Amino acid sequence: MASSLTCAGVVWAFLSFLCAAASCVGFFMPYWLLGSQLEKSVSFGTFRRCSYPVRDESHQTTVMVEQCGRYASFQAIPSAEWRICTVVTGLGCGLLLLVALTALMGCCVSELISRTVGRVAGGIQFLGGLLIGSGCALYPLGWDSEEVRQTCGNLSNQFELGTCHIGWAYYCTGGGAAAAMLVCTWLACFSGKKQKQYPY
């Protein structure tokens, strides 16, 4: 099988896949913000949550249901900032994944990735990383929502965690985006082989 990638291009394809996978896994997992409520662990993502309070009418108490899931609707996400973060980060992850899969196909298909296509792909990766970075920067603006305040000891506010702490999924998402922006964008410039000139 012929490849359209240089040696740097093969490294770029592999790293692009790793960065996209890290960002996508981190985005999907509900472990961006960790805290506790009613002595149970609670975690939040941008559009998912683990453990939530439910009113038990038979005992007239509030109990914690310990399971993870998405919010019932887009409007049920606790804050407008988290809704924007979900859309922006999702778009960024989609762009990183698109470029990573195209780069991997370039390992097997000849003349798929030229120098120009590589540079355009690098630009798309930079944009994807920028979108994810923007989503990560917006996320703390939602820490003043009622759901988060209940979990963080009623001490949280925008950019103030209260008793909560940032989880591994937040770092995974941001780290994948940063690596895509800084390393993959640079490697993309050297990824494609110079195309042969065919006399006609």
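Values below: all heavy atoms of this structure, side chains included; hydrogens, waters and symmetry mates excluded. Residue numbers run from 1 in the order of the sequence given. Since the structure is predicted, the reported quantities are computational estimates derived from the model, not experimental observations.
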Residue pair Ile77 / Arg83: nearest heavy atoms and the distance that separates them: O-NH1, 2.7 Å

Set of ring-ring contact (aromatic ring centres under 6.0 Å, His included) partners for Tyr52, sequence neighbours left out: none

Shortest non-hydrogen separation from Pro53 to Thr62 and the atoms involved: CB-CG2, 3.7 Å

Residues forming a side-chain contact (heavy atoms from CB on, under 4.5 Å) with Thr61, sequence neighbours excluded: Asp56, His59, Val63

Flag, side chain of Thr6 to backbone of Ser191, donor-acceptor distance under 3.5 Å: yes

Expected output: side-chain Ser51 to main-chain Ser41 donor-acceptor under 3.5 Å: yes

Glu146 CD to Ser79 OG distance, which is reported to the nearest 0.5 Å: 12.5 Å

Validation row: Leu161, Ile166 side chains within 4.5 angstrom (heavy atoms): yes

Which residues share a side-chain contact (heavy atoms from CB on, under 4.5 Å) with Glu39, sequence neighbours left out: none

Shared hydrophobic cluster for Ile84 and Leu131 (ILVMFWY, side-chain gaps under 4.5 Å): yes

Side chain proximity check, Tyr71 to Arg48, heavy atoms < 4.5 angstrom: no

Minimum heavy-atom distance between Leu155 and Gly162, given as atom pair plus value: CB-CA, 3.7 Å

Same apolar cluster: Met105 and Val10, side chain cutoff 4.5 Å: yes

Euclidean distance, Gln150 CD relative to Ser156 OG, rounded to 0.5 Å: 10.0 Å

side-chain contact (heavy atoms from CB on, under 4.5 Å) between Arg149 and Trp143, worked out: CA-CA 7 Å; Arg149 289 180 61 79; Trp143 293 347; over 6 Å; no

Trace of the side-chain contact (heavy atoms from CB on, under 4.5 Å) decision for Ile132 with Leu95: CA-CA 10 Å; Ile132 295 170; Leu95 289 176; over 6 Å; no

Results of side-chain contact (heavy atoms from CB on, under 4.5 Å) for Asn157 - residues two or more places apart only: Asp144, Glu160

Residues that Phe126 engages under ring-ring contact (aromatic ring centres under 6.0 Å, His included), provided they are two or more places apart: none

Check: Arg70 side chain, Ala72 main-chain N or O, donor-acceptor pair, under 3.5 Å: no

Check: Tyr139 ring centre within less than 6.0 Å of Trp82 ring centre: yes

Closest heavy-atom pair and its distance - Cys152, Thr163: C-OG1, 3.0 Å

Note, Ile124 side chain near Leu96 side chain (heavy atom, < 4.5 Å): no

Reported CG-to-OG1 distance for the pair Leu138 and Thr89, which is rounded to 0.5 angstrom: 7.5 Å

Contact summary for Arg49 and Thr151, nearest pair of heavy atoms: NH2-OG1, 4.0 Å

Enumerate donor-acceptor pairs with a distance under 3.5 Å from any side-chain N or O in residues 11-32 to protein atoms, sequence neighbours excluded.
| from | atom 1 | to | atom 2 | distance (Å) |
| --- | --- | --- | --- | --- |
| Trp12 | NE1 | Ser16 | OG | 3.3 |
| Trp12 | NE1 | Gln125 | OE1 | 2.9 |
| Trp12 | NE1 | Cys184 | O | 3.3 |
| Ser16 | OG | Trp12 | O | 2.7 |
| Ser16 | OG | Gln125 | NE2 | 2.7 |
| Ser23 | OG | Cys19 | O | 3.2 |
| Ser23 | OG | Thr173 | O | 3.2 |
| Ser23 | OG | Ala177 | N | 3.2 |
| Trp32 | NE1 | Gly26 | O | 2.8 |

ILVMFWY cluster, Leu33 and Tyr171 together (side-chain gap under 4.5 Å): yes

Between CG on residue Leu127 and OG on residue Ser134, distance to nearest 0.5 Å: 9.0 Å

Same apolar cluster (I L V M F W Y, side chains within < 4.5 Å links), Val117/Leu97: no

